Every structure is written in structure tokens, then in C-alpha cells.
Amino acid sequence: MKVLQINATYGIGSTGTIVRDIGNTLRESGNIPYFAYQSANCEVENGYKIGNILDWKWHALYTRIFGKQAYASKRTTKKFLKWLDKIKPDVVHLHNLHSNYINLNLLLDYLAKNKIKTVITLHDCWYFTGKCTHYVNDGCDKWQDRCGNCPKLKKEVKSYFFDVTEKVLNDKITKLNAIQDLTIVGCSKWIAEETKKSKIKPKEITVIHNGVDISIFKPHDSEYRKSKRIGDEFVVLGLADKWYDEKNRSQVELLINSHKDVKFVIIGVKKHNEEFFNKFDNVIAEGFIKDKNYLADIYSASDVFVNLTHADTLPTVNMESICSGTPVITFDACGSPELVDSQSGFVVKEGDFDGIEEKLNY
């Protein structure tokens with residue numbers, strides 16, 4: 001069986017790693033995997049790179065002017081569909097298509113016309129909304145009926161001039177429902193249940209949790225504490241973008257200042273937030289980490305991972321931490337608490353920093 005996966009990345013980031021691993025599993029089981037992508041970290045066997053940097057930049061500009069993401073790149077998408085004519089896949093598996101590299105309507109029309117079995121893995125909510133990847137931050141449920149007057153118009157991928165979210169959602173509903181054999185896979189129970197509230201009616205909605213490489217993320221002796229001159233201090237691990245979130249920032253400052261005897265290791269620190277984290281003597285600021293073995297060492301050296309997320313489908317970081325033997329404390333937000341049980345951590349009410357404090361002192 002020929003299975004084509006389409007994703008923005010191959011072998012890069014969480015979704016790119018998932019695509020690569022699914023391909024390896026297909027190959028091992030005697031199937032033939034194909035891949036279409038925007039960027040990859042290696043040469044890809046049976047791979048097709050969609051578009052080029054000029055097309056991607058034009059697509060990004062088009063999106064911001066007209067508010068229609070995945071509506072440009074017509075020429076490169078038509079070229080890609082000719083490649084599909086040649087390989088004739090039995091199944092097409094869609095992942096992340098909202099990175100300004102492919103025309104969604106052309107692709108969905110092709111899948112419907114050729115009656116190709118189609119699988120969509122929902123890594124976020126984009127497929128069943130008129131624009132956004134997550135709507136919970138704004139308490140918006142318009143997508144269940146029709147979008148419009150979008151509260152995220154100037155957020156995420158900004159739409160500078162037009163609000164066309166109602167049309168975009170209608171296009172998605174019409175074209176996805178035209179695919180006769182469509183299966184939607186939620187990587188969490190939460191997102192699968194959310195999908196059922198939408199007007200998209202696939203043949204099946206199921207749940208397959210993402211996985212992590214337990215040959216890397218496992219309990220093990222780590223040299224990280226020694227390398228950072230951390231003694232026996234309690235170590236709290238966090239993610240910069242979550243801890244610096246406007247909803248969390250003031251409480252994070254109080255948390256760090258009130259625990260001078262604790263080391264806070266913050267991963268993913270960037271230029272726009274490094275000044276904030278570097279002002280604390282008890283914070284070790286780490287940038288973006290590509291080396292998974294180094295990341296696994298940090299997990300194993302930490303006493304607890306605190307995920308201050310307000311919107312996540314199923315955080316890979318939660319699973320990596322748990323597999324590394326480090327408990328997780330997370331807000332009860334979206335799919336974040338889904339794999340955290342009494343043996344692997346604690347779940348507190350979203351925004352409840354008193355609850356975070358209580359569990360840190362548990």
C-alpha cells in the first residue's frame with residue numbers, strides 16, 4: 001500500500017518527527033511511504049518538496065493581506081498534484097498544512113475527485129476553524145456554527161485588512177465533507193471531542209496519542225547538574241513561552257522570587273524574553289534545544305516539570321518528562337492533563353498559582 005504523508009516539516013520538530021516515525025513503521029510493515037513537505041533536515045526517500053522560499057514568502061504576505069491561509073501557492077500545488085498522479089497513493093495522511101506552502105482547496109478537491117482515502121491527524125484545531133489553531137484562550141466557540149468577527153484576527157498569523165473567517169470555515173466544511181472516506185485522528189481525547197462539535201462529519205473520528213522515543217527519554221544519570229554547578233537544590237523545569245505568557249508573567253515573577261533556594265531551568269528563552277529571565281539569580285536560561293539527548297539530560301536532572309500552558313492539544317513535553325521519570329504539574333487546560341495521573345504528577349485548575357505552589361511543596 002502506498003501512503004503519502006503531507007506536513008510542513010520532515011524530521012524537524014514534533015510533527016516532523018511523527019511523520020518520519022510513521023514512515024519508518026510503514027516501511028517496516030511492507031508498505032511504501034511517501035512524503036511531501038516544506039522543509040526537511042535530510043534527504044528524504046520518496047520525498048517531494050513543495051514550493052520554494054519565494055513562493056512561501058508570497059504566500060505569507062497573501063495570508064496577512066487577505067486573511068486566507070492556505071489559499072495561495074496555486075502553481076506549486078498544481079505541480080505537486082501532477083506528482084500525485086504519478087505515484088497514485090492509496091492513502092493520503094494530512095498533518096500541518098498551515099505553514100504557507102500549499103493550497104488547501106486544490107488539494108481537498110483532488111482527494112475528493114479521485115476518491116482517495118484520507119486521514120487527518122489533528123495536532124491543533126486549524127482544520128475545523130476559520131483561522132486559529134487554538135480558540136480556548138479567547139473563549140470562542142463560533143467555529144461550531146460559523147466564524148466571523150474573529151477575536152484572533154490580529155493574533156497568531158495576523159490578518160491585517162480582512163476578516164474572511166466565515167468563508168474559510170465554510171470552504172473547509174464543504175470540501176472536507178466531500179471526501180467520501182475521511183478519518184480524523186485526534187492526538188488527544190480532548191481535540192477528538194471538540195471535533196465532534198464542528199460541522200465537519202468524517203467517516204470516523206478516533207484517538208491516537210502521540211508517542212516519544214523512550215530510548216532517549218528515560219530515567220538515567222545526568223551530568224546536567226554538575227555542568228551547571230547545581231548541587232542538591234530542588235530544580236523546577238519550565239518552558240519560556242508558557243512562563244512568559246502575559247497571563248502568567250506576574251505570577252511567575254512572584255513564584256521565582258519566593259523560592260530563592262530553588263533552581264528554575266527555563267528552556268526556549270529567546271531575545272524578546274531573555275531580559276526577563278536573566279534578571280533572576282536562581283534561573284538558568286536555556287535557548288531552543290535541538291539535541292534530544294541534552295534535553296533528556298535536563299528532564300532527568302530536574303525534580304519537576306511545570307507546564308503553565310493555557311492551550312495545548314497534547315504537549316509532547318509532558319510525555320517526555322514523564323518518560324524521563326520527572327513528574328509534571330500542569331494546568332487543567334485542553335489536552336495537557338490527559339496523560340498526567342496520580343503516579344506521574346498533578347493537575348491544578350487553570351491559572352491557579354496557589355495550586356502550583358501547593359504541589360511544589362507537596
Side-chain angles (χ1 to χ4, degrees), residues 1-10 15-16 18-38 40 44-51 59 68-129 168-187 191-192 195-196 198-208:
M1 183 170 63
K2 298 178 182 178
V3 180
L4 166 68
Q5 293 184 81
I6 308 175
N7 188 52
T9 59
Y10 175 93
T15 60
I18 289 167
V19 166
R20 182 199 63 200
D21 292 347
I22 290 174
N24 290 338
T25 301
L26 286 167
R27 192 177 291 111
E28 290 167 3
S29 60
N31 297 289
I32 305 173
Y34 290 85
F35 309 92
Y37 51 87
Q38 182 182 34
V44 183
E45 182 182 357
N46 292 340
Y48 185 97
K49 184 175 182 177
I50 301 175
H59 196 143
K68 295 180 177 180
Q69 191 168 41
Y71 276 71
S73 298
K74 288 185 177 181
R75 183 182 62 82
T76 53
T77 301
K78 288 177 180 177
K79 185 177 178 181
F80 164 63
L81 295 179
K82 288 182 180 178
W83 182 71
L84 261 63
D85 286 335
K86 293 179 181 178
I87 67 169
K88 295 184 175 5
D90 299 294
V91 177
V92 171
H93 186 172
L94 307 180
H95 295 270
N96 180 356
L97 301 187
H98 52 82
S99 292
N100 303 316
Y101 70 105
I102 194 169
N103 187 287
L104 179 66
N105 289 342
L106 287 176
L107 174 62
L108 297 183
D109 285 345
Y110 180 93
L111 297 175
K113 179 182 177 181
N114 291 278
K115 299 181 180 180
I116 298 175
K117 292 182 179 180
T118 303
V119 177
I120 296 176
T121 290
L122 296 177
H123 302 287
D124 55 44
C125 308
W126 181 79
Y127 279 101
F128 57 88
T129 72
V168 171
L169 179 58
N170 287 339
D171 284 349
K172 288 178 180 178
I173 293 169
T174 301
K175 293 181 182 299
L176 284 169
N177 286 342
I179 300 174
Q180 293 182 12
D181 195 340
L182 174 64
T183 297
I184 289 182
V185 178
C187 64
I191 200 168
T195 308
K196 293 176 183 178
S198 77
K199 290 185 176 180
I200 297 169
K201 303 301 177 186
K203 183 177 180 180
E204 182 180 4
I205 298 176
T206 189
V207 177
I208 301 176

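Computed from a predicted model, the values in this text were never measured in an experiment.
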To the nearest 0.5 Å, what is the distance between CD on E45 and OH on Y34?
9.5 Å
I need the K68 NZ to L104 CG distance, nearest 0.5 Å.
12.5 Å
Whether the side chain of S198 engages the backbone of T195 through a donor-acceptor N/O pair (distance < 3.5 Å, no angle test) should be reported.
yes
Just one of I22, T9, V119, I6 clears the side chain to side chain contact (heavy atoms under 4.5 Å, CB included) bar with H95, so which one?
I22
Take atom CD1 in I208; do more than 12 heavy atoms of anything else shown fall under 6.0 Å from it?
no
Heavy atoms only: give me the nearest A8-S99 pair and the separation to one decimal.
CB-OG, 3.4 Å
Using side-chain contact (heavy atoms from CB on, under 4.5 Å), reason through I200 and N177 one step at a time and then give a plain yes or no.
CA-CA 6 Å; I200 297 169; N177 286 342; 3.9 Å; yes
First locate atom CG of L106, then atom OH of Y71, and finally report the distance between them rounded to the nearest 0.5 Å.
11.0 Å
Evaluation steps, side chain to side chain donor-acceptor pair (under 3.5 Å), between N96 and T15:
CA-CA 8 Å; N96 180 356; T15 60; 4.9 Å; no
Report, as yes or no, whether the 6.0 Å neighbourhood of atom NZ on K2 holds more than 12 heavy atoms from other residues, nucleotides or ligands.
yes
Check: H59 and T76 side chains under 4.5 Å, non-hydrogen atoms:
no
Can you tell me if CZ on R27 sees more than 12 non-hydrogen neighbours from other groups inside 6.0 Å?
yes
Would you say Q38's side chain and Y101's backbone share a donor-acceptor pair under 3.5 angstrom?
no
If you compare all heavy atoms of P89 against all heavy atoms of I116, which two are closest, and at what distance to 0.1 Å?
O-CG2, 4.1 Å
Give the C-alpha distance, both sets of side-chain angles, the deciding distance and a yes or no for side-chain contact (heavy atoms from CB on, under 4.5 Å) between L176 and I120.
CA-CA 10 Å; L176 284 169; I120 296 176; 3.6 Å; yes
What's the spacing between T174 OG1 and K199 NZ if we round to 0.5 Å?
10.0 Å
For side-chain contact (heavy atoms from CB on, under 4.5 Å), just list the numbers for D90 and K117, CA-CA rounded to whole Å, side-chain angles, deciding distance to a tenth of an Å, and then say yes or no.
CA-CA 7 Å; D90 299 294; K117 292 182 179 180; over 6 Å; no
Looking at CD1 of I50 and CG of L107, how far apart are the two atoms once the value is rounded to the nearest 0.5 Å?
8.0 Å
Donor + acceptor pair across side chains of D85, Y110 (<3.5 Å):
yes
Kindly say whether the aromatic ring centers of Y48 and F80 come within a distance under 6.0 Å.
yes
Here's a test for you: under side chain to side chain contact (heavy atoms under 4.5 Å, CB included), which of D181, T118, I184 qualifies with K203?
D181
Over 60° means perpendicular and under 30° means parallel, so tell me whether F35 and Y10 are parallel, tilted or perpendicular.
perpendicular
So do Y37 and K49 actually touch side chain to side chain, heavy atoms under 4.5 Å?
yes
Side chains of N114 and L84, heavy atoms from C-beta outward: is any pair under 4.5 Å?
no
Output for pair (I32 CD1, N46 CG), nearest 0.5 Å, gives 7.5 Å
Looking at side-chain heavy atoms only, is the closest gap between F128 and L122 below 4.5 Å?
yes
Candidate pair D109 and K175, rule salt bridge (Lys or Arg N to Asp or Glu O under 4.0 Å), full reasoning:
CA-CA 7 Å; D109 285 345; K175 293 181 182 299; 3.0 Å; yes
Given 3.5 Å as the limit, does a donor-acceptor pair link the side chain of T77 with the main chain of N103, or not?
yes
Determine, stepwise, if the pair Q69 / V168 fulfils side-chain contact (heavy atoms from CB on, under 4.5 Å).
CA-CA 9 Å; Q69 191 168 41; V168 171; over 6 Å; no
Close side-chain approach of I191 to C125, heavy-atom, < 4.5 Å:
yes
